[in-house]
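A quick write-up on the structure given underneath.
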Amino acid sequence: MGREVGFPTANLAPDSAEKIVPGRGVYAIRAYVDGFAYEGMLNIGRRPTLNDGRGQTIEAHLFEYDGTPLYGRRLTLEFVARVRDEQQFASLDELRAQLKKDAETVRGIFAK
């Protein structure tokens with residue numbers, strides 16, 4: 001679904017029950033994949049706009065990533081800042097507009 005709204009995501013799951021997952025919301029992150037670091041944004045939540053809030057997901061959109069599929073690959077995340085709470089939008093267009101704002105906010109965080 002991330003690709004459909006212009007923000008392809010890696011859908012993640014902790015590799016251990018002992019991992020601590022931050023609360024629902026949008027975060028500025030740094031993700032490490034195969035020895036490379038990527039800045040990006042991550043959502044933890046129930047995707048209320050897309051699936052009626054069933055089940056928690058963790059989805060990362062990596063800036064400047066080449067798009068090679070990440071299925072089965074290990075990502076290590078560094079949480080840099082919390083951007084906002086999770087929220088529901090009336091339409092995919094509203095969600096898309098907010099994701100663009102979130103991306104600008106996150107890029108600003110990394111520009112400092």
Side-chain angles (χ1 to χ4, degrees):
M1 181 57 78
R3 185 164 309 184
E4 287 182 34
V5 295
F7 291 88
T9 60
N11 299 307
L12 308 174
D15 62 359
S16 165
E18 288 80 34
K19 299 283 176 152
I20 297 173
V21 177
R24 286 185 231 158
V26 176
Y27 296 85
I29 59 154
R30 194 168 285 111
Y32 300 89
V33 183
D34 297 334
F36 295 95
Y38 299 93
E39 296 169 349
M41 58 188 192
L42 176 132
N43 183 73
I44 298 172
R46 298 186 182 271
R47 297 173 30 153
T49 304
L50 302 174
N51 68 356
D52 298 326
R54 295 186 193 119
Q56 180 164 284
T57 63
I58 303 171
E59 301 175 273
H61 172 74
L62 308 182
F63 303 143
E64 313 307 325
Y65 185 70
D66 68 7
T68 303
L70 292 169
Y71 298 107
R73 293 168 65 192
R74 182 182 192 90
L75 276 72
T76 301
L77 301 179
E78 175 187 346
F79 287 81
V80 176
R82 189 166 197 282
V83 175
R84 66 173 174 85
D85 290 336
E86 177 180 45
Q87 63 189 97
Q88 185 170 8
F89 299 94
S91 69
L92 285 181
D93 286 337
E94 285 185 21
L95 173 61
R96 185 178 295 112
Q98 183 61 52
L99 290 172
K100 288 179 182 178
K101 289 178 187 175
D102 293 342
E104 288 176 19
T105 299
V106 170
R107 288 181 189 277
I109 290 168
F110 285 112
K112 292 180 182 177

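For the numbers below, each heavy atom of this structure counts, side chains included, while hydrogens, waters and symmetry mates do not.
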Any chain of hydrophobic side-chain contacts (each under 4.5 Å) joining [X] to [Y]?
| X | Y | value |
| --- | --- | --- |
| Tyr27 | Leu75 | yes |
| Leu77 | Leu70 | yes |
| Ile29 | Val21 | yes |
| Val26 | Tyr38 | no |
| Phe79 | Ile109 | no |

message = Checking Glu64 now: which residues fulfil salt bridge (charged side-chain N to carboxylate O under 4.0 Å, His left out) with it, not counting sequence neighbours?
response =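 Scan of Glu64 (salt bridge (charged side-chain N to carboxylate O under 4.0 Å, His left out), adjacent residues dropped) gives Arg107.
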inquiry  = For Glu94, give me all partners under salt bridge (charged side-chain N to carboxylate O under 4.0 Å, His left out), at least two apart in sequence or on another chain.
reply    = none
Which pair of non-hydrogen atoms, one from [X] and one from [Y], has the smallest distance, and what is that distance?
| X | Y | value |
| --- | --- | --- |
| His61 | Pro8 | ND1-O, 2.8 Å |
| Phe89 | Gln98 | CZ-CG, 3.4 Å |
| Ile44 | Pro22 | CD1-O, 3.7 Å |
| Phe7 | Arg96 | CE1-O, 4.3 Å |
| Phe110 | Ala28 | CE1-CB, 4.1 Å |
| Met41 | Leu99 | CE-O, 3.7 Å |

message = Applying side-chain hydrogen bond (donor to acceptor under 3.5 Å, both in side chains), can you list everything that pairs with Arg73, at least two apart in sequence or on another chain?
response =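 Arg73: side-chain hydrogen bond (donor to acceptor under 3.5 Å, both in side chains) contacts with Asp34, Tyr65.
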Inter-residue atom distance [X].[atom1] - [Y].[atom2], 0.5 Å rounding:
| X | Y | atom1 | atom2 | answer |
| --- | --- | --- | --- | --- |
| Asn43 | Leu12 | CG | CG | 11.0 Å |
| Arg46 | Arg24 | CZ | CZ | 4.5 Å |
| Phe36 | Asp66 | CZ | CG | 9.5 Å |
| Leu95 | Gln87 | CG | CD | 9.0 Å |

ask   = Would Ser91 and Asp93 satisfy side-chain hydrogen bond (donor to acceptor under 3.5 Å, both in side chains), going step by step from the backbone distance to the final call?
value = CA-CA 5 Å; Ser91 69; Asp93 286 337; 5.0 Å; no
OH (Tyr32) with more than 12 external heavy atoms under 6.0 Å =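 It does: Tyr32 OH has more than 12 such atoms within range.
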query = Given Thr57 and Asn11, is the side chain to side chain contact (heavy atoms under 4.5 Å, CB included) satisfied, shown in steps?
reply = CA-CA 7 Å; Thr57 63; Asn11 299 307; 5.8 Å; no
